[in-house]
2 protein chains.
Amino acid sequence: MSSNTRSAGAARRRSRAPVFAALGDEMRLLLVAKLSSGQPHSISQLTKGSSLTRQAITKHLRVLEGAGIVHGVRTGRESLFEFDPAPLDEIKEYLDLVSAQWDRALARLKSFVED
Amino acid sequence: MSSNTRSAGAARRRSRAPVFAALGDEMRLLLVAKLSSGQPHSISQLTKGSSLTRQAITKHLRVLEGAGIVHGVRTGRESLFEFDPAPLDEIKEYLDLVSAQWDRALARLKSFVED
DNA sequence: TTATAATGCAACCTGGAGGTTGCATAACGT
DNA sequence: ACGTTATGCAACCTCCAGGTTGCATTATAA
């Protein structure tokens with residue numbers, strides 16, 4: 001099951017800046033790393049080992065959730081957060097577009113020089 | 001010339017959060033879009049059509065430059081900014097790692113359920 | 001049923017991001 | 001030589017991101 005399978009395909013034209021912004025923080029990247037490794041984690045679990053407060057972690061999780069990168073469900077007395085891959089696939093797709101554009105530009109430049 | 005050719009390969013282990021952060025702004029994404037289309041642009045050119053001030057644009061360019069996404073060279077009385085693809089390739093690579101990790105997790109879950 | 005664990009909510013603090021304005025300076029075109 | 005263009009620098013302003021602490025609330029374990 002490669003990332004193609006998940007079809008970031010539809011290419012929603014909403015802006016991707018919020019997703020990038022959500023990933024623009026070391027701690028949040030750490031959280032993403034933990035959650036993308038499989039099992040959902042509770043806030044307490046995610047807080048353990050971190051130097052930050054539980055509330056700080058909570059806020060980071062809300063930011064990630066706001067960007068759609070993660071979602072949490074209240075289960076009993078704890079709320080479990082799970083990774084959601086779609087937004088990351090979308091920005092990867094976006095980065096590919098930028099790359100492609102740049103490569104085409106270079107190709108044009110090259111053929112012009114060779115002319 | 002695909003993005004592989006540019007070898008994000010070396011995979012410097014410095015954190016990618018700053019790069020994501022630099023892309024976490026609509027205006028900066030716009031600048032990246034313009035610059036990745038080929039020709040270097042001067043600050044004035046980039047300011048034209050924008051509702052922001054020249055200094056605001058300048059600050060955004062400095063942020064992008066700080067993340068290595070762009071670099072500017074003073075040429076005569078103007079400083080030309082040009083796109084630099086390496087950082088974007090690096091974070092793309094990073095996103096692939098996260099995706100792969102997630103996919104493996106799902107695969108394990110699946111085989112466990114089928115067991 | 002009682003103590004404890006896991007969160008939610010809200011008020012508060014601080015630093016830096018994102019913008020603006022004003023002034024100084026270097027390069028160009030004529 | 002002069003007016004104009006393209007920038008750089010710096011001071012200043014406002015607002016929000018990131019963190020903390022304190023208190024209330026809901027599940028659980030014993």
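Note on naming: letters A, B, ... go to the chains in the order of the sequence lines (proteins, then strands), and numbering restarts at 1 for each one. Computed from a predicted structure; not experimentally measured.
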Please give, in whole Å, the distance from D/dA17 C1' to A/L61 CG? 15 Å

To the nearest Å, how far apart are B/L46 CG and D/dT7 P? 9 Å

Using a 4.0 Å heavy-atom cut-off, does B/S44 contact any base of the nucleic acid, only the sugar-phosphate backbone, or nothing at all? sugar-phosphate

For a quick check, tell me whether the side chain of A/R28 and the base of D/dG18 share a donor-acceptor pair closer than 3.5 Å. no

Between B/R108 and B/R104, does the side chain to side chain contact (heavy atoms under 4.5 Å, CB included) criterion hold? Intermediate values first, please. CA-CA 6 Å; B/R108 273 197 299 277; B/R104 279 196 303 273; 4.2 Å; yes

Using atom NE2 of B/H41 as one end and atom C1' of D/dT7 as the other, report the distance to the nearest whole Å. 18 Å

Base, sugar-phosphate or nothing for B/R74? Non-hydrogen atoms, less than 4.0 Å. sugar-phosphate

Need one value for A/T53: base, sugar-phosphate or nothing, where a base atom within 4.0 Å counts as base even if backbone is also close, heavy atoms only. base

Protein-nucleotide distance (A/R62, atom CZ; D/dG19, atom C1'), rounded to Å: 16 Å

Measure CD1/A/I57 against P/C/dG8 and give the value in whole Å, please. 13 Å

In whole angstroms, the gap separating P of D/dA10 from CZ of B/R54 amounts to 14 Å

B/I43 and B/R54: CA distance, side-chain angles, deciding distance, side chain to side chain contact (heavy atoms under 4.5 Å, CB included) verdict: CA-CA 7 Å; B/I43 297 179; B/R54 169 179 60 88; 3.8 Å; yes

5'-most contact on DNA chain D (nearest-nucleotide basis), A/G76 vs A/D25, goes to A/D25

Where A/A22 and A/A67 come nearest, the two heavy atoms and their spacing: CB-CB, 3.7 Å

Can you measure B/L80 atom CG to D/dT5 atom P for me and round it to whole angstrom units? 18 Å

Closest nucleotide of DNA chain D for A/K59 versus for A/R77: which of these residues is on the 5' side? A/K59

Mind checking the CD-CG spacing from A/Q39 to B/L109? Nearest 0.5 Å is all I need. 9.5 Å

Determine, step by step, whether A/D84 and A/I69 satisfy the side chain to side chain contact (heavy atoms under 4.5 Å, CB included) criterion, reporting the C-alpha distance in whole Å, the side-chain angles of both residues, the deciding distance to 0.1 Å, and the verdict. CA-CA 5 Å; A/D84 197 335; A/I69 301 174; 5.9 Å; no

Would you say B/H60 reaches C/dA17's phosphate, i.e. side-chain N/O to OP1/OP2 under 4.0 Å? no

Over how many whole Å does the gap from A/L29 atom CG to D/dG18 atom C1' extend? 15 Å

Does the D/dG22 base have a donor-acceptor partner in the side chain of A/Q55 within less than 3.5 Å? yes

Does a side-chain N or O from B/T58 land closer than 4.0 Å to OP1 or OP2 of D/dT7, or not? no

